[in-house]
Amino acid sequence: MRDGGARLEVGEPGGDADRYGDGEPYGSESLVRPAADEPERAAEAALRPRRLEEFVGQRVVRDQLSLVLQAALGRGLAPDHVLLSGPPGLGKTTLAMIIAAELGASLRVTSGPAIQHAGDLAAVLSSLEEGEVLFIDEIHRLARPAEELLYVAMEDFRVDVIVGKGAGASAIPLSLPPFTVVGATTRAGLLPAPLRDRFGFTGHLDFYADDELERVLVRSAGLLGVPLEGTAAAEIASRSRGTPRIANRLLRRVRDWAQVRGDGRLSLAAARSALQVYEVDERGLDRLDRSVLDALCRRFGGGPVGLTTLAVAVGEEPETVETVAEPFLVREGLIGRTSRGRVALPPAWEHLGLPVPAPSDTLFG
Ligand SMILES: Nc1ncnc2c1ncn2[C@@H]1O[C@H](COP(=O)(O)OP(=O)(O)OP(=O)(O)O)[C@@H](O)[C@H]1O
C-alpha cells in the first residue's frame, strides 16, 4: 500500500468558508464552531493525533475500530465502510485520517456539500485506487442522485457512467477497485436507511469527560511547547463543553493571553483571565449559547418556540443553532426539545440570573 499521506481531492472538509452552502460562513468570533479559516485549520491539523493509540477517550469506538482495522489488515482486504456520527469537533475527521494511516492507505477527502452533482462523485470514485480511503464529511448533505450512485459503488464497487443524453442515453458499468468509505455526519438520523445500511461499522462519538479533555490538553500543550499547569488544564477542560476542538482552541487563546498579558505560564489565573476576555463562562457557554438562552427566556417567556424562529431571534442559521449550540445546552439540562419547540428549563433561568417562573407559567412544569 501507499504512504498513508492525505491527498486532497474535492476540497478539505471545512475547506470552503461557507461550509454548509447556505451563504453564511461560520463566524470566526466563535470559539465553539468548526474551523473557519486557513490559519485556524492549520492550527487544528497540527494537534491531530496520527495513530489510534494517540487518540484520547472514546474507548468503545476505538476498541471496535481497532478490531475492524486489524481484521482487515490480517485478511489483506479493504475493511467495511465506516460511518462516524456525533457532534462537531469530537474527532470524526481525525479518526478518518487515523483509519487511513493505520491501513497504510492514502486518503481522499470530500464532503456532501462539495458534491453538487452525481457526476462529481462518479469522477472521484472512478479515480480511486485499490485500498484507498474516501472520507466524505457531512455525508448527510449529499444530493439524492449522488447518494444513489454511492450506494451502488459501496455495495458492488461499480459506477454506471451515463453516455449520451435523453432517450439515446445508456449506462456503461465501470468496475472500481475495493476501497473504503468513511462517512462523517453530525446528523445520522438524516441519512436514508439504504445509505446507512451500506456501512458495516458505525461508531458514535460522544462528548468527552473532563479528565479525557485534560489529557487532550496536556498532549496539545506538549506539542505546542507551552507550560500548562494542572489546575489550568482542569479549568480549561471544564469549560470545553466536552469537545477536544474547543479545548484546543481555548488552550491557544490562554497561551496568547499568557504571552501578551501574563508571564508566559499557563496558570489557573491566566486561564481564568483569558477565558473572561473571550466570554467563555464557567459552564463553558459562549456568546451564542447565552443568546439562545436569553432569547428563549426573555423574548419567548421560556418557550416553546420553533427552531427557525429561535435562530432568527439570535441572528443565526437554524443548522448552526441546532448543531453548534443545542446539543450542549440540551446535555447541560438548560433547554429541552418538545414536539412544540424548544423550552427553557429552570437551570437556564438560573444561569441568566433570572427568577425561575412558576411551573404553570411555562411548559416545562
Ligand atoms: N480523541 C482525540 N484526542 C485528541 N485530540 C482530538 C481528539 N478528537 C479530536 N481532537 C482534536 O480536535 C480537533 C477537531 O477534531 P476533528 O476535526 O476530527 O473533529 P470532527 O468531529 O471531524 O469535527 P467536524 O464535524 O466539525 O468536522 C482536532 O484538531 C483534533 O486534534
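All ligand and atom numbering here is 1-based and tracks the order in the structure. Side chains included, hydrogens not; waters and symmetry mates left out as well; all remaining heavy atoms used.
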task: Answer yes or no for Gly57: is there a heavy-atom contact with ligand 1 below 4.0 Å?
output: no
query: Looking only at heavy atoms of Ala184, does any of them come nearer than 4.0 Å to an atom of ligand 1?
result: no
Heavy-atom distances under 4.0 Å decide this one: backbone, side chain, both or neither, for [X] against ligand 1?
X: Leu95; result: neither
X: Asp137; result: side chain
X: Thr93; result: both

- prompt: Is Arg331 positioned over the aromatic face of Phe207, cation under 6.0 angstrom from the ring centre and no more than 45 degrees off axis?
  reply: yes
Nitrogen or oxygen atoms of [X] and ligand 1 under 3.5 Å apart:
X: Pro88; answer: no
X: Val56; answer: yes
X: Arg48; answer: yes
X: Tyr208; answer: yes
X: Gly89; answer: yes

field: Residues in side-chain hydrogen bond (donor to acceptor under 3.5 Å, both in side chains) contact with His351, at least two apart in sequence or another chain
entry: Asp281
field: Qualifying residues under side-chain hydrogen bond (donor to acceptor under 3.5 Å, both in side chains), relative to Thr202, sequence neighbours excluded
entry: none
Ser66 versus Gln70, side-chain donor and acceptor atoms under 3.5 Å: yes
Polar side chain donor-acceptor pair, Thr180 to His81, under 3.5 angstrom: no
query: Would a distance-only check, ignoring hydrogens and angles, find a side-chain to backbone donor-acceptor pair under 3.5 Å from Asp286 to Asp289?
result: yes
Heavy-atom donor-acceptor pair, Arg198 side chain to Pro194 backbone, under 3.5 Å: yes
